[in-house]
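Chain A is the first sequence line, chain B the second, and so forth, proteins listed ahead of strands; every chain is numbered from 1. Note that these values count all heavy atoms, side chains included, but never hydrogens, waters or copies made by symmetry.
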Amino acid sequence: MCVFTCRTRIAAVLSAAAIALLACGGGGGTTGGGTKAAILSDYSAEKGTPGGQLVFSDWEPVEDLNIIASSAATTQQVAQGSIWSTLWAFDGKNKPYPDLVADVPSTDNGLVKKIDDAHMDVTIKLKKGLKWSDGSPLTANDVKFTVDAICDPDTGASSQDGFDHIASQEVKDAQTLIWHFGPNKKGTCGLSQDLTNGIYPYLLMGNTPMAPMPQSVLGSTKHADWARSAYFTKKPTVTSGPYMVQDFTPGPAAQVVLVKNPHYLDGRDGAKYFGHAPYLDKLIYKIYGDKSSQIAGLQNGDTDLGLDLIAADLPGLRAISKNNTQTAIGLLDEFLTFNLGNNTIGCEAQQFAGTCGKATVFKDDPKLRQALDLAIDKDTINRQLVQGIGKPMNGLFVSSLEPYFDKSIPPFQRDVAKAKSLLDADGWTVGSDGVRTKGGRKLEFVLSTTSGNPQRAAEEEQIIASWKEVGASVTTKNSPAGKFFDSFKNGGINATGQYDVALYANNWSPDPNAWCSTYVSTQIPSPTNPSGNNWGRGSDPTLDDLCKSGNQEVDLTKRVDIYKKVQAEARQFTPVSTLYERPDVFSLSTFFGNFVPTVNTCLATCNAADWYHKGKS
Amino acid sequence: MAGYIARRALQTLPTLFVISLVLFVGMQALPGGPAQALAFNPRMSEAARQAIIHRWGLDQPLYIQYFKWLGSMLRGDWQTSFFLNRPVRDVILGKLPATLMLMTTAYLLQELIALPAGMLAALRRYSFFDQAVTFVSYVGYSMPTFWLGLMLLLLFAVEFPLFPVSGVIDIRMTGAPFLTANYNDWFVHHPLDGIFDIAHHIVLPAMTIAIVGIAADSRFIRASMLDTIHQDFIRTARAKGLPERLVVLKHALRNALLPVITQIALTLPFLFSGAVVTEAIFSWPGMGQLFFQALSAYDYPLLMGILLVAAGLVVIFNLLADIAYAVIDPRISYA
């Protein structure tokens with residue numbers, strides 16, 4: 001249940017209204033219904049052999065199988081792609097590929113139409129002949145039914161992002177559903193205020209790939225009762241994924257036994273993606289009591305695939321001769337957020353966004369922020385603390401955010417001399433104690449992160465040592481994750497600005513505007529906007545304008561151009577110092593076929609339909 | 001005696017009521033709460049968050065929450081776990097068999113070794129055997145459970161894979177989790193395989209729990225036995241010319257067992273609670289891990305269920321210990 005700090009596969013994204021229309025532009029041929037290959041995934045799986053069973057594992061509990069309401073990675077990784085198929089999925093490069101839909105909607109294939117600056121239509125065209133595991137047809141009505149449920153707060157959906165931009169749904173036929181995006185009134189689909197613009201990056205609805213639910217089973221259950229229904233807590237009887245639940249025991253040491261769905265191939269035969277029956281006789285998901293036990297299980301052959309592993313586990317995992325260790329970087333990065341407003345420690349709750357508190361040294365001083373970014377020894381942090389498998393960052397976006405990541409940005413190069421000269425030019429003079437001063441104020445501040453996290457503590461030490469070299473005196477003040485990430489209303493450290501500079505991670509969305517919106521001035525948290533995402537409180541009119549333009553732009557080429565400008569502006573404004581792209585680690589048996597290490601909202605289990613046991617050939 | 005039992009049974013009711021009240025208030029005093037988990041998800045709408053809080057009943061005053069819980073319990077409804085979304089009673093009953101199996105095995109193992117070892121150590125005071133038991137006891141007692149468990153796991157399940165790494169059964173063989181309908185069906189058709197499979201899995205976790213317990217109990221029994229064998233009535237028995245076997249087993253042991261019974265009675269309720277660390281290391285699907293998860297997640301109904309059952313068992317076993325005193329020691333009468 002953690003968000004920013006730990007699990008890489010939870011869809012914890014600060015996404016707001018944005019647009020990721022798959023527009024014209026770019027080269028490449030066409031696939032499926034004509035969507036440009038440059039945008040669509042080039043994922044392909046090798047043909048597997050039927051039979052056998054595989055065991056994949058984690059070490060955190062599985063509470064239930066509620067794919068709609070649970071934000072726990074364990075639930076999502078057994079549910080997504082295995083038990084329920086999704087409309088579309090994302091590959092390791094964050095490119096979409098169709099699953100239940102015949103083609104991923106785009107402007108190019110005509111399934112996305114911009115009506116005006118506030119309205120657009122997205123047509124969901126399902127494959128013909130799809131069936132639920134009980135043999136009943138899976139139709140557009142099921143998709144509509146699921147969207148209605150997600151939008152009802154009683155369901156407790158883990159995210160209504162994007163669905164709250166749908167003004168109405170129109171079922172055209174059994175396979176066709178049109179989502180009419182447009183302005184919505186406050187209260188619709190959980191909206192806390194009126195929505196004036198319905199444009200949204202529809203690929204990210206709910207921020208995780210959307211899985212339709214069977215109306216025939218859940219239609220008679222009140223939305224408020226979904227969470228406690230046997231369908232989600234004991235055994236989903238009718239499902240759409242390659243496997244069905246045979247048994248599920250929840251909690252710690254949970255186990256889920258999955259068997260083949262006899263109707264999975266209906267409507268899919270010959271499709272480019274997942275156009276085959278599931279290969280395995282059984283797929284078992286097993287939860288260990290802790291990570292040491294999981295690694296022992298990998299060593300002993302008790303489990304064939306270990307998920308939820310990190311760089312620190314690598315030495316032990318590499319010693320397992322019969323396993324392959326794979327790593328992947330994706331949308332997760334570790335970064336420092338400079339507080340560009342006031343440090344509000346000691347302020348009353350209602351004053352958090354006002355003039356209360358003391359301006360931090362970073363406020364109105366981009367040169368200082370640039371110098372501090374330049375001074376950090378990111379290579380050493382990556383090498384020593386992330387086993388060298390992360391990637392030091394030199395800009396706002398991670399490198400896998402294709403096609404928006406600006407490849408012309410050079411790799412990060414630490415430059416202490418340049419950092420010092422920037423500070424000198426900015427008026428920060430070195431005092432007799434080695435600490436710089438400007439206008440009578442010393443370069444002293446506090447670095448904050450989550451307490452009880454040895455990795456973060458080690459990073460703090462490295463960063464403080466780096467900054468000391470350029471004349472900054474830094475101390476630390478850490479808080480439990482619950483307090484650190486708590487909401488504005490509950491006095492969360494970040495949300496209310498009770499810090500100077502904060503260190504944490506985030507698993508971002510595959511769309512650049514989700515990142516952009518985190519730094520625009522309209523997202524600064526306040527009593528009237530408590531859910532604002534801009535915890536750094538930076539306000540840069542140029543960045544505001546660029547992000548707004550990106551949000552409104554349909555043409556992909558122009559959009560890419562805008563977000564390259566966003567990256568350039570962010571390098572100047574420096575609201576954050578990005579440290580490194582954080583890797584995920586996977587350990588799997590040599591006979592585990594078609595595993596794709598993926599670190600994004602789709603998780604590494606999205607292609608479970610393609611998994612097979614190589615020893616069964 | 002019957003009157004005494006009835007009186008004590010009636011006394012347990014207000015005791016349990018007070019315990020439940022203290023537990024309920026105590027849980028609320030913990031920093032954080034179940035809603036904190038929802039606050040961690042910035043994408044969940046406030047409306048959805050409030051709907052869940054309402055479903056959990058946390059939007060009501062504390063005293064109403066308590067009396068609603070109490071009313072439910074009196075009706076036999078243990079309420080629903082916040083995070084597992086299943087009835088608390090079902091969740092506890094689902095985890096109880098594995099815990100009882102592990103803890104009973106470990107406890108029997110512990111007492112079968114500790115009782116004779118402690119007794120013999122006392123009878124042969126300062127002998128090599130006594131010194132050896134003392135040494136082994138101190139070593140065993142000073143080993144942290146998590147370290148001992150991990151060492152046993154790495155040594156006997158990874159380096160020399162004589163025993164399984166995790167769980168209560170081999171799911172690859174059974175094809176279904178422990179005690180599910182499919183498992184039970186499999187077990188009926190493969191009883192010997194099933195028994196051997198469980199026995200194979202229980203060795204390491206049971207040893208982990210027992211080793212520490214043997215160390216403690218053998219010292220306790222030794223001390224109790226030493227106290228007894230130096231009493232006048234033992235000297236009298238020997239002076240009467242009774243065989244040493246009778247002196248030890250009939251007179252000394254019976255009296256030495258009185259404090260041991262107290263200790264056993266107080267220990268038995270914890271068989272229900274499971275062993276958090278050992279269950280985590282061996283991925284044992286029992287109460288210990290469940291309690292830890294409930295505590296971490298602030299799952300109030302589940303916590304209340306587990307704690308109240310544990311408290312109830314403590315009260316009941318105390319009563320049973322008192323009754324056992326009367327049975328073993330004729331000087332004690334509750335009439």
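- In this structure, the side chains of B/Ser45 and A/Asp164 stay at 4.5 Å or more apart for every pair of heavy atoms.
- Comparing B/Val158, B/Asn182, B/Asp170 by how many heavy-atom pairs each has under 4.5 Å with chain A, the most go to B/Asn182.
- Closest approach of B/Ala176 to A/Val257, counting heavy atoms only: CA-CG2, 4.2 Å.
- Interface residue A/Pro250: backbone and side-chain heavy atoms are both found under 4.5 Å from chain B.
- Among A/Glu63, A/Lys234, A/Arg228, the single residue meeting the side chain to side chain contact (heavy atoms under 4.5 Å, CB included) criterion with B/Asn85 is A/Arg228.
- Neither the backbone nor the side chain of B/Leu179 comes within less than 4.5 Å of any heavy atom in chain A.
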- Item | side-chain hydrogen bond (donor to acceptor under 3.5 Å, both in side chains) assessment of A/Lys286 paired with B/Ser166 | CA-CA 10 Å; A/Lys286 182 170 182 172; B/Ser166 68; 2.9 Å; yes
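- Not a single side-chain hydrogen bond (donor to acceptor under 3.5 Å, both in side chains) links A/Ser158 to another residue, sequence neighbours left out.
- A heavy-atom distance below 4.5 Å is not found between the side chains of B/Gln289 and A/Ile287.
- For the set B/Gly149, B/Ala294, B/Ala47, B/Ala98, the entry with the most heavy-atom pairs within less than 4.5 Å of chain A is B/Ala47.
- Side-chain contact check for A/Ser292 versus B/Ile281: every heavy-atom pair is 4.5 Å or farther apart.
- Of the listed residues (A/Pro252, A/Ala253, A/Ser293), the one with the most heavy-atom contacts under 4.5 Å to chain B is A/Pro252.
- The line from CZ of B/Arg55 to CG of A/Asp225 is 8.5 Å long, rounded to the nearest 0.5 Å.
- Among B/Gly286, B/Ala51, B/Gly167, B/Ala280, the residue with the largest count of heavy-atom pairs under 4.5 Å with chain A is B/Ala280.
- Only the side chain of B/Asp90 has a heavy atom closer than 4.5 Å to any heavy atom of chain A.
- Highest contact tally toward chain B, considering only A/Asp247, A/Asn300, A/Thr155, is held by A/Asp247 [criterion: heavy-atom pairs under 4.5 Å].
- For chain B, the option among A/Thr303, A/Asp304, A/Asp152, A/Val256 with the highest count of heavy-atom pairs below 4.5 Å is A/Asp304.
- Heavy-atom distances place both the backbone and the side chain of B/Leu84 under 4.5 Å from chain A.
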- Show your working on side chain to side chain contact (heavy atoms under 4.5 Å, CB included) between A/Gln299 and B/Leu154 and close with a plain yes or no. CA-CA 10 Å; A/Gln299 290 171 322; B/Leu154 292 175; 4.2 Å; yes
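- Panel note: side chain A/Gln246, backbone B/Gly175; a donor-acceptor pair is recorded below 3.5 Å.
- Within the 4.5 angstrom heavy-atom criterion, only side-chain atoms of B/Leu153, from C-beta onward, approach chain A.
- Per-residue heavy-atom pair counts under 4.5 Å with chain B were compared for A/Thr233, A/Val259, A/Thr249, and the maximum is reached by A/Thr233.
- For a residue to count as touching a neighbouring chain, one of its non-hydrogen atoms must lie under 4.5 Å from one of that chain's; by this rule B/Phe291 does not touch chain A.
- Looking at A/Lys282 and B/Ile171, their side chains never come closer than 4.5 Å, going by heavy atoms from C-beta outward.
- The choice from A/Ala230, A/Ala157, A/Ala296, A/Ser229 that makes the most heavy-atom pairs within less than 4.5 Å of chain B is A/Ala296.
- In this structure, chain B has heavy atoms under 4.5 Å from both the backbone and the side chain of A/Phe248.
- For chain A, the option among B/Gln293, B/His54, B/Arg172 with the highest count of heavy-atom pairs below 4.5 Å is B/Arg172.
- Annotation for B/Phe292: atom CZ does not count as buried by contact number, only 12 or fewer foreign heavy atoms lying within 6.0 Å.
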- Verdict with reasoning, A/Ser192 to B/Glu46, per side-chain hydrogen bond (donor to acceptor under 3.5 Å, both in side chains): CA-CA 7 Å; A/Ser192 57; B/Glu46 188 58 28; over 6 Å; no
